[in-house]
Amino acid sequence: MFEMINPNEKITEQDILAFEKRHNIYLPGEYIDFLLKYNGGYSKQSVFQISPDEGNSLVNKFYGIGNMQGNLDRVIDNLDDDLPEGFISIGYDPAGNEICLGTKNSKYEGQIYFWMHDMESNLKMDNMFLLSTDFTSFLDSLQDEE
């Protein structure tokens with residue numbers, strides 16, 4: 001069962017609405033619930049499978065909204081041109097790859113993908129790996145480090 005060990009400072013629905021307005025994006029409900037409860041941070045369970053060929057990685061940290069290191073505003077500003085349209089990064093692994101969420105009203109809405117930043121790609125989705133069809137299932141699939 002998913003457990004956060006070091007969440008970020010609490011935020012409100014108004015903070016999320018302001019964030020969405022600043023970036024002209026709309027977040028899926030499951031992710032909004034996560035932000036309201038934890039606002040990102042460090043999870044106890046962090047290991048996930050990228051694919052059978054690529055193996056496993058782990059969530060280093062989930063980004064949050066507010067004045068902290070690993071803040072979603074900065075991440076969006078830094079990665080906006082790199083990620084395929086309809087995605088935001090919600091966390092990262094130790095190698096600097098991103099865990100991405102399909103934004104509301106995109107064809108990937110609510111889906112979780114892994115973006116490999118150093119994989120050569122001529123097409124925007126070539127370096128994206130589907131991890132889960134929804135955010136809650138992704139959190140539930142995370143395993144403890146061995």
Side-chain angles (χ1 to χ4, degrees), residues 1-51 54-119 121 123-143 145:
M1 184 172 152
F2 179 76
E3 179 182 347
M4 289 295 279
I5 54 174
N6 192 6
N8 290 321
E9 187 175 314
K10 293 277 186 191
I11 58 171
T12 66
E13 288 183 25
Q14 289 74 25
D15 295 322
I16 295 170
L17 290 171
F19 170 82
E20 289 177 321
K21 186 174 182 178
R22 273 193 308 277
H23 297 285
N24 195 30
I25 60 170
Y26 300 97
L27 303 173
E30 287 180 310
Y31 185 60
I32 289 172
D33 293 343
F34 171 82
L35 288 173
L36 289 170
K37 188 170 183 179
Y38 304 113
N39 191 26
Y42 296 94
S43 64
K44 182 177 180 199
Q45 299 78 21
S46 59
V47 178
F48 61 90
Q49 183 181 52
I50 301 166
S51 73
E54 296 295 332
N56 292 343
S57 187
L58 57 94
V59 178
N60 204 35
K61 183 178 184 180
F62 287 102
Y63 300 125
I65 295 173
N67 188 20
M68 83 270 298
Q69 190 172 9
N71 132 358
L72 277 168
D73 285 299
R74 277 183 250 149
V75 170
I76 286 175
D77 290 343
N78 290 336
L79 293 176
D80 194 38
D81 293 333
D82 296 328
L83 297 178
E85 188 175 334
F87 286 100
I88 64 163
S89 178
I90 59 169
Y92 62 96
D93 80 347
N97 300 301
E98 304 290 328
I99 294 104
C100 299
L101 170 71
T103 56
K104 200 168 183 178
N105 301 325
S106 77
K107 69 180 184 177
Y108 303 103
E109 181 176 337
Q111 296 177 23
I112 305 297
Y113 277 78
F114 185 72
W115 178 69
M116 295 184 91
H117 72 89
D118 57 355
M119 180 182 263
S121 171
L123 300 172
K124 282 280 191 183
M125 292 299 289
D126 279 355
N127 58 352
M128 298 285 282
F129 296 84
L130 178 65
L131 300 178
S132 181
T133 57
D134 65 90
F135 185 67
T136 301
S137 295
F138 173 68
L139 294 180
D140 290 343
S141 75
L142 294 174
Q143 302 291 313
E145 286 186 68

Main-chain N/O of Gly41 paired to Asn6 side chain as donor or acceptor, under 3.5 Å = no
Determine whether the side chains of Gln111 and Thr133 contain a donor N or O and an acceptor N or O closer than 3.5 Å.
-> no
How many angstroms lie between CG in Leu17 and OG1 in Thr12, if you round to the nearest 0.5 Å?
-> 8.0 Å
Under 6.0 Å between the ring centres of Phe87 and Tyr113?
-> yes
Look only at the side chain of Arg74 and the backbone of Met68, and say whether a donor-acceptor pair between them is shorter than 3.5 Å.
-> yes
Atom CD of Gln49: over 12 foreign heavy atoms under 6.0 Å | yes
Candidate pair Asp134 and Ser137, rule side chain to side chain donor-acceptor pair (under 3.5 Å), full reasoning | CA-CA 6 Å; Asp134 65 90; Ser137 295; 2.9 Å; yes
Is the distance between the ring centroids of Phe34 and Phe62 under 6.0 Å?
-> yes
Is there side-chain contact between Ser89 and Leu83, with at least one heavy-atom pair below 4.5 Å?
-> yes
Would you check if the side chain of Gln45 reaches a backbone N or O of Ser43 as a donor-acceptor pair within less than 3.5 Å?
-> no
Is the number of heavy atoms from other residues, nucleotides or ligands within 6.0 Å of CD (Glu3) greater than 12?
-> yes
Taking the six-membered ring for Trp, are Tyr38 and Phe2 parallel (under 30°), tilted (30 to 60°) or perpendicular (over 60°)?
-> perpendicular
Does some side-chain heavy atom of Ser57 sit less than 4.5 Å from a side-chain heavy atom of Phe114?
-> yes
Checking Lys10 side chain against Lys37 main chain: does a donor-acceptor pair fall under 3.5 Å?
-> yes
Exactly one candidate in Val47, Val59, Leu131 meets side chain to side chain contact (heavy atoms under 4.5 Å, CB included) with Leu142; the answer is Val59
Do Asn8 side-chain atoms and Asn39 backbone N/O form a donor-acceptor pair below 3.5 Å?
-> yes
Ser132 side chain to Phe135 main-chain N or O, any donor-acceptor pair under 3.5 Å?
-> no
Just by modelled atom types, is the Gly86 backbone N or O under 3.5 Å from a matching donor or acceptor in the Thr103 side chain?
-> yes
Taking Glu20 for the side chain and Leu27 for the main chain, is one N or O donor matched with an acceptor at less than 3.5 Å?
-> yes
Identify the heavy atoms of Pro28 and Gly102 that sit nearest to each other, and give their distance.
-> CG-O, 3.4 Å
Would you check if the side chain of Asp15 reaches a backbone N or O of Ile11 as a donor-acceptor pair within less than 3.5 Å?
-> no
